[in-house]
Amino acid sequence: MSPVITIDGPGGAGKGTVSRLTADALGFHILDSGAIYRALALAALRRGTDLEDTEALCALARGLDLSFRHAQEGVAPILDGTDVSGELRTEAVGGAASRVAALSPVRTALLERQRDFRQDPGLVGDGRDLGTVVFPDAPLKIFLDASPEERARRRFLQQQAAGREQPLEDILREIRERDDRDRNRPVAPLKPAADAVVVDTTCLTAREAAAVVLAIARERGIGR
Ligand code: DC
């Protein structure tokens, strides 16, 4: 089995950037599992599918026309033939993703799609339950965390750079609401795996956090 490094944690903790830096350093593949939930949510929104209609969402999940193409910054999600990188990052899609992700049959429908990313020479995957549910046998599990205020500040700067302005307090409220839903859902709640290493990034740059992950990977003999 190819090695997997799982990087779970709440939104804005730096999972995406830390995963990309770690995968680049090791020459590993990358799985952005949040993008899969976001793509499903976007597909549902586009089709007008009721976000509580579990059966319709499962059917959509099973037939989801989603692939990832190598891009300058990591990988770009391609949904129904078009690059949806920008659309997936909006708060509307993030909120809808969090709702569809709370449905157990939907998560099951997306499980194999995620496990298929495990290929030689190895995988770095980020999400909420990669260490607890998707890859419970991963040889290295990281849980990245940061204070809600710092995560809101990062989202704010990200959005500003993308030309979208949203008041900081709105972002902070949305982050808290989403955290609450992700942590308290009965199925695959956001929590560190029992054998995860918790890394708090409130005072770390993404490079510093990736250096911590790489040091532990080296210690455990993972990668080159
Ligand atoms: O990491 P993200 O913000 O792109 O994730 C979007 C939503 O998808 C998030 O609210 C929770 C959900 N998600 C999940 O439930 N399990 C995962 N492995 C990844 C994301």
Side-chain angles (χ1 to χ4, degrees), residues 4-20 30-45 51 54 57-58 60-61 64 66 68 73-77 79 84-118 123-136 138 141-146 148 151-152 154-156 158-159 162 166 171-193 196 201 206:
V4 183
I5 299 176
T6 59
I7 303 190
D8 289 309
K15 299 186 303 283
T17 314
V18 173
S19 295
R20 188 156 42 76
I30 199 154
L31 162 63
D32 172 2
S33 65
I36 298 179
Y37 286 96
R38 284 172 184 264
L40 174 62
L42 177 59
L45 292 173
L51 295 183
T54 307
L57 289 168
C58 283
L60 197 53
L64 197 66
L66 175 70
F68 291 89
E73 291 242 316
V75 287
L79 178 66
V84 289
S85 312
E87 258 179 292
L88 288 200
R89 302 281 6 134
T90 62
E91 286 300 321
V93 171
S98 160
R99 287 177 61 192
V100 302
L103 304 169
S104 175
V106 170
R107 304 194 69 85
T108 307
L110 293 175
L111 210 47
E112 283 313 311
R113 192 184 278 266
Q114 296 174 76
R115 289 186 175 147
D116 285 346
F117 280 78
R118 186 175 201 165
L123 175 69
V124 179
D126 81 271
R128 301 292 188 289
D129 65 337
L130 295 194
T132 50
V133 177
V134 185
F135 302 110
K141 300 175 185 177
I142 302 288
F143 191 86
L144 277 195
D145 213 345
R151 291 189 282 123
R154 291 175 189 169
R155 269 280 142 82
F156 178 77
Q158 254 174 12
Q159 297 209 348
Q166 201 189 359
I171 299 181
L172 181 58
R173 196 192 53 232
E174 279 169 8
I175 280 194
R176 287 191 198 279
E177 277 169 15
R178 192 129 65 86
D179 275 3
D180 199 49
R181 201 159 39 216
D182 293 344
R183 284 184 210 270
N184 295 314
R185 66 186 178 210
V187 44
L190 170 66
K191 62 159 191 234
T201 70

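Atoms within a ligand are numbered from 1 in the order they appear, just like the ligands themselves. Computation of the quantities below employed the complete heavy-atom set of this structure, encompassing side-chain atoms and omitting hydrogens, waters and symmetry-equivalent molecules.
- The structure places CZ of R128 at 9.0 Å from CZ of R107, a figure rounded to the nearest 0.5 Å.
- For R38, a nitrogen or oxygen atom sits less than 3.5 Å from a nitrogen or oxygen atom of ligand 1, counting backbone and side chain alike.
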Check step by step if side-chain hydrogen bond (donor to acceptor under 3.5 Å, both in side chains) holds for T17 and R154. CA-CA 12 Å; T17 314; R154 291 175 189 169; over 6 Å; no

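- Between L79 and A43, the shortest heavy-atom distance links the atoms CD2-N, 4.2 Å.
- Considering backbone and side-chain N/O atoms, R128 comes within less than 3.5 Å of an N/O atom of ligand 1.
- S33 OG, 3.3 Å is the protein heavy atom nearest to atom 19 (C) of ligand 1.
- Checked against S98 for a side-chain contact (heavy atoms from CB on, under 4.5 Å), the options D182, V93, D179 give a single hit: D182.
- Listed by number with element, the atoms of ligand 1 under 4.0 Å from a non-hydrogen atom of D182 are 9 (C), 10 (O), 11 (C).
- Per-residue contacts place G127 under 4.0 angstrom from the following atoms of ligand 1 (heavy atoms of the residue considered): 18 (N), 19 (C).
- Residue Y37 has no nitrogen or oxygen atom sitting less than 3.5 Å from a nitrogen or oxygen atom of ligand 1, judged on distance alone.
- Closest of all the heavy-atom pairs between A41 and A97 is CB-N, 3.5 Å.
- Nearest to atom 18 (N) of ligand 1 by heavy-atom distance, out of D129, D126, L110, is D129.
- By the 4.0 Å N-to-carboxylate-O rule, E177 lies close enough to R173 to be salt-bridged with it.
- Contact annotation: for R185 versus ligand 1, heavy atoms closer than 4.0 Å belong to the side chain alone.
- You'll find the side chain of D8 stays beyond 4.5 Å of the side chain of K141, heavy atoms only.
- Each of the following atoms of ligand 1 lies closer than 4.0 Å to a heavy atom of S98: 10 (O).
- Contact record, A61 with L110: CB-CD2, 3.9 Å, taken as the closest heavy-atom pair.
- Under 4.0 Å from ligand 1, not a single heavy atom of R181 appears.
- Taking a cut-off of under 4.0 Å to the non-hydrogen atoms of A97, the atoms of ligand 1 that pass are 7 (C).
- Given atom 16 (N) of ligand 1, the protein heavy atom at minimum distance is R107 NH2, 2.9 Å.
- With ligand atoms numbered from 1 in the order given, ligand 1 contributes 12 (C), 15 (O) to contacts under 4.0 Å with heavy atoms of A101.
- Among the atoms of D32, none of the N or O lies under 3.5 angstrom from an N or O of ligand 1.
- A distance-only check finds a donor-acceptor pair linking the side chain of R151 to the backbone of G11 [under 3.5 Å].
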